[in-house]
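All remarks here apply to the structure that follows.
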Amino acid sequence: MNKKILFLHGFFASGQCVPALALRECFEGRAEVLTPDLPIHPKEALSLIRELIDHEKPDLLVGNSCGSFYAQMLAPVAGIPALLGNPHFRMTEFLKPRIGAHEYKSARKDGNQKFVIDEALIQEFAELESVQFNYCNPYYKDKVWGLFGEQDTLAHFEPIFLEHYNKSHHFPGGHTPTADEVRAWYVPLIEKMLMEDVL
């Protein structure tokens, strides 16, 4: 296939999270799956993703949760289709009850597992939330797909997604997919997006 996929993990995760590892395993020998550790600060994360897009030229963005928040903003700007797994379009609502010190749920390459959610970080996300759909355009209505877990207790944003995009899919899982759910639901949609030339 010689395709390249850029996976963007969720807020508490890393490039070594379960969905990232499962995607790498599933596409081994068929497509390269890039799974970077994203910075905690959203503008830094977007900047890193843009650098990776410019340098690696991926064929598809795949996100989960906060990673889907980023993928949605960048897909039409960079001209790359995206699969948004359980997109969290209101990260400020997610962060406000979680102010304080935390640890990432999967290992990060720099070895730093600790981070802090504070008002300044929430404000950074608020600024991006207010403009996150500014680059939507009719051409991308069928090039950004959504995948929503029916047991997701954190993000319920399919109605907002459908205000901007047409292709919505469901899977019988929660907010963060297991390796089996990635294989059963994410991989076939990714294959379809790559093979059908949604690009």
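Positions are given from 1, in the same order as the sequence printed here.
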Subject >> Residue pair Glu103 / Phe12: nearest heavy atoms and the distance that separates them >> reply: O-CD2, 4.0 Å

**OP:** Using ring pair (Phe, Tyr, Trp, His ring centres under 6.0 Å) as the criterion, list what pairs up with Phe161, not counting sequence neighbours.
**Re:** Phe148, Tyr165

Original post:
Minimum heavy-atom separation for Ala82 to Ala75, with atom names?
Top reply: CB-CB, 3.9 Å

Original post:
Taking only residues at least two apart or on different chains, which pairs with a member in residues 36-68 satisfy ring-ring contact (aromatic ring centres under 6.0 Å, His included)?
Top reply: none

**OP:** Please check if atom NZ in Lys43 has more than 12 non-hydrogen atoms from other residues, nucleotides or ligands closer than 6.0 Å.
**Re:** no

Original post:
Is the side chain of Asn86 donor-acceptor paired with the backbone N or O of Gly149 at a distance under 3.5 Å, no angle test?
Top reply: yes

**OP:** Find the distance between CG (Leu48) and CZ (Arg50) and round it off to the nearest 0.5 Å.
**Re:** 12.0 Å

Subject >> Sub-4.5 Å side-chain heavy-atom contact between Ile80 and Pro58 >> reply: yes

**OP:** With rounding to the nearest 0.5 Å, note down the distance linking CG in Asp142 to CE in Met193.
**Re:** 10.0 Å

Original post:
Between Val182 and Pro19, what is the shortest heavy-atom contact and its length?
Top reply: CG2-CA, 3.8 Å

**OP:** Output all residues satisfying ring pair (Phe, Tyr, Trp, His ring centres under 6.0 Å) with His169, sequence neighbours left out; order by chain, then residue number.
**Re:** Trp145

Original post:
What distance do Leu95 atom CG and Glu119 atom CD have between them, rounded to the nearest 0.5 Å?
Top reply: 10.0 Å

Subject >> Under the salt bridge (charged side-chain N to carboxylate O under 4.0 Å, His left out) test, residues paired with Glu51 that sit two or more places apart >> reply: none

Original post:
Can you tell me if Gln72 uses its side chain to pair, donor with acceptor, with the backbone of Gln132 under 3.5 Å?
Top reply: yes

Original post:
Nearest heavy-atom pair of Ala179 and Val18: which atoms, and what distance?
Top reply: N-CG1, 3.5 Å

Subject >> Closest heavy-atom pair and its distance - Asn2, Asp59 >> reply: O-OD2, 4.4 Å

Original post:
Listed by chain and number, what are the salt bridge (charged side-chain N to carboxylate O under 4.0 Å, His left out) partners of Glu44, not counting sequence neighbours?
Top reply: none

Original post:
Any chain of hydrophobic side-chain contacts (each under 4.5 Å) joining Leu21 to Trp185?
Top reply: no

Subject >> Side chain proximity check, Asn64 to Tyr186, heavy atoms < 4.5 angstrom >> reply: yes

Original post:
Can you find a heavy atom in the side chain of Pro36 that is under 4.5 Å from one in the side chain of Leu6?
Top reply: yes

Original post:
Which heavy atom in Asp37 sits nearest to a heavy atom in Ser14, and how many Å separate them?
Top reply: OD1-CB, 3.5 Å

Subject >> Backbone N/O of Thr92 and side chain of Glu129: donor-acceptor pair under 3.5 Å >> reply: yes

**OP:** Quick one: do Ile160 and Phe133 satisfy side-chain contact (heavy atoms from CB on, under 4.5 Å)? Show the steps, please.
**Re:** CA-CA 10 Å; Ile160 294 176; Phe133 295 110; 3.7 Å; yes

**OP:** Have a look at Thr35 and tell me which of His9, Arg24, Gln16 forms a side-chain hydrogen bond (donor to acceptor under 3.5 Å, both in side chains) with it.
**Re:** Arg24

Subject >> Donor-acceptor under 3.5 Å (Gln113 side chain, Ser106 main chain) >> reply: yes

**OP:** Apply side-chain contact (heavy atoms from CB on, under 4.5 Å) to Leu189 and Leu147, showing your working.
**Re:** CA-CA 9 Å; Leu189 286 177; Leu147 181 55; 3.8 Å; yes

Subject >> NZ-CG distance between Lys167 and Leu84, expressed to the nearest 0.5 angstrom >> reply: 14.0 Å

**OP:** Kindly write out the residues that satisfy ring pair (Phe, Tyr, Trp, His ring centres under 6.0 Å) with His88, not counting sequence neighbours, or none if the list is empty.
**Re:** Phe94, Phe157

Original post:
Are the side chains of Ile53 and Leu61 in touch, meaning some heavy atoms are under 4.5 Å apart?
Top reply: yes

**OP:** Please name all residues satisfying side-chain hydrogen bond (donor to acceptor under 3.5 Å, both in side chains) with Gln123, sequence neighbours left out, ordered by chain then number.
**Re:** none

Original post:
Which residues satisfy the side-chain hydrogen bond (donor to acceptor under 3.5 Å, both in side chains) test with Arg183, sequence neighbours excluded?
Top reply: Asp180

Subject >> Residue list, side-chain hydrogen bond (donor to acceptor under 3.5 Å, both in side chains) with Thr176, at least two apart or on another chain >> reply: none

**OP:** Spell out, as yes or no, whether a donor-acceptor pair under 3.5 Å connects the side chain of Asp118 to the backbone of Leu121.
**Re:** yes

**OP:** Measure centre to centre between the rings of Tyr104 and Phe11, then say whether the value is under 6.0 Å.
**Re:** no

Subject >> pair Lys3-Arg30: side-chain heavy atoms closer than 4.5 Å >> reply: no

Subject >> Any donor-acceptor N/O pair, Arg108 side chain to Leu38 backbone, under 3.5 Å >> reply: yes

Original post:
Testing Glu93, Met91, Arg90 for side chain to side chain contact (heavy atoms under 4.5 Å, CB included) with Phe125, which one passes?
Top reply: Met91

**OP:** Check step by step if side-chain contact (heavy atoms from CB on, under 4.5 Å) holds for Met73 and Leu46.
**Re:** CA-CA 9 Å; Met73 283 187 275; Leu46 286 170; 4.2 Å; yes

Subject >> Pair Glu158, His170: side-chain N/O donor-acceptor within cut-off below 3.5 Å >> reply: yes

Original post:
With Phe7, which residues qualify under ring pair (Phe, Tyr, Trp, His ring centres under 6.0 Å), at least two apart?
Top reply: none

Subject >> For His175, side-chain hydrogen bond (donor to acceptor under 3.5 Å, both in side chains) partners two or more places apart >> reply: Ser65, Asp152

Original post:
Would you say His156 and Phe89 make side-chain contact, with heavy atoms under 4.5 Å?
Top reply: no

Subject >> ILVMFWY network linking Ile40 to Leu128, side-chain heavy atoms under 4.5 angstrom >> reply: yes

**OP:** Measure the shortest side-chain to side-chain distance between Tyr70 and Pro42 over non-hydrogen atoms and say whether it is less than 4.5 angstrom.
**Re:** yes

Original post:
Quick one: hydrophobic cluster around Tyr135, which other residues, with the 4.5 Å side-chain cut-off, linked directly or via members?
Top reply: Val77

Original post:
What do you reckon, is CD of Glu28 surrounded by more than 12 foreign heavy atoms closer than 6.0 Å?
Top reply: no

Original post:
Run the side-chain contact (heavy atoms from CB on, under 4.5 Å) check on Ile5 and Ile190 step by step: do they pass?
Top reply: CA-CA 9 Å; Ile5 298 160; Ile190 292 168; 3.7 Å; yes

Original post:
Are Glu56 and Lys4 ion-paired here, with the side-chain N under 4.0 Å from a carboxylate O?
Top reply: yes

